[in-house]
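Everything below concerns the one structure shown next.
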Amino acid sequence: MDQKVKDYVAEKVKEMMGAVSCSAEAKAAGQDWLDSVGTDRETEQTKKLIAELEMDIMPVEGLIAFAESETGAKVFGAETAKNVAAHGRELQAAGKKYCDCPACAAVEAILEKKGEL
């Protein structure tokens, strides 16, 4: 893996891990990957990181459906859930594929480099 790509991905992994919206599983996979860089475990941890991020990134349709659900209203609060759903529809109308929260934005940037990892 090219050092510039590693550095870029490491930066995005740290951004993802620092986001409030990052899942515990993605944080753990990110930390495991960071700890493995430059070791004989790097290839294995890269595969695990990519697999976890592909499961965790929120498609816009999923964001809208969650925000409009009872669970979404409980998590966000009723008014915020409406705003999140509306934002999701704006993203969808703009042709965006994924949620743009800080965690998902970092994950999308990492996944764009998947072929170089």
Task: From CA spacing to verdict: salt bridge (charged side-chain N to carboxylate O under 4.0 Å, His left out), Lys82, Glu68 - done: CA-CA 7 Å; Lys82 288 178 188 177; Glu68 291 178 338; over 6 Å; no
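Linking ILVMFWY side-chain heavy atoms closer than 4.5 Å, directly or via other members, places Met55 and Val13 in two distinct hydrophobic clusters. Residue Leu91 is not grouped with residue Tyr98 when hydrophobic side chains (ILVMFWY) are merged at heavy-atom distances under 4.5 angstrom, including chains of intermediate members.
The distance from the CD atom of Glu42 to the CG atom of Leu34 is 10.5 Å, given to the nearest 0.5 Å. Distance CD/Gln45 to CG/Leu117: 13.0 Å, rounded to 0.5 Å. Considering CG of Asp7 and NZ of Lys4, their distance stands at 9.5 Å, rounded to 0.5 Å. The CD1 atom of Ile57 sits 8.5 Å away from atom SG of Cys101, with the distance rounded to the nearest 0.5 Å. With rounding to the nearest 0.5 Å, the separation of CZ in Arg41 from NZ in Lys48 is 8.5 Å. One distance of note links CG of Leu49 with CD of Glu52; it measures 8.5 Å at 0.5 Å rounding.
Looking only at side-chain heavy atoms (C-beta outward), Ser21 and Pro102 come within less than 4.5 Å of each other. Using a 4.5 Å cut-off on side-chain heavy atoms (C-beta onward), Lys97 and Val60 make no contact. No side-chain heavy atom of Asp2 sits under 4.5 Å from any side-chain heavy atom of Glu116. Proximity of Gln3 to Lys6: side-chain heavy atoms (C-beta onward) are separated by under 4.5 Å at one or more points.
With respect to Lys47 and Glu44, no salt bridge is recorded, no charged nitrogen being found less than 4.0 Å from a carboxylate O. For the pair Glu90 and Lys96, the salt-bridge criterion is not met [side-chain N within less than 4.0 Å of a carboxylate O].
Ala67 and Val84 get closest at one heavy-atom pair: CB-CG1, 3.7 Å. Residues Ala26 and Asp56 come closest through the heavy atom pair CB-OD2, 3.2 Å. Annotation for Val107 and Met16: closest pair CG2-SD, 3.6 Å, computed over non-hydrogen atoms. The two residues Lys27 and Ala19 make their nearest non-hydrogen contact at CE-O, 4.1 Å. Closest of all the heavy-atom pairs between Leu63 and Met58 is N-SD, 3.5 Å.
A side chain to side chain donor-acceptor pair (under 3.5 Å) check over residues 99-108, counting only residues at least two apart or in different chains, returns the pairs His87-Asp100. Within the structure, side chain to side chain donor-acceptor pair (under 3.5 Å) contacts touching residues 29-40 (residues at least two apart or in different chains) are Gln31-Asp35, Trp33-Thr46.
When the ring pair (Phe, Tyr, Trp, His ring centres under 6.0 Å) test is applied to Phe66, the partners found at least two apart in sequence or on another chain are Phe76.
For Glu70, the CD atom sits in a loose shell: 12 or fewer heavy atoms of surrounding residues, nucleotides or ligands are nearer than 6.0 Å.
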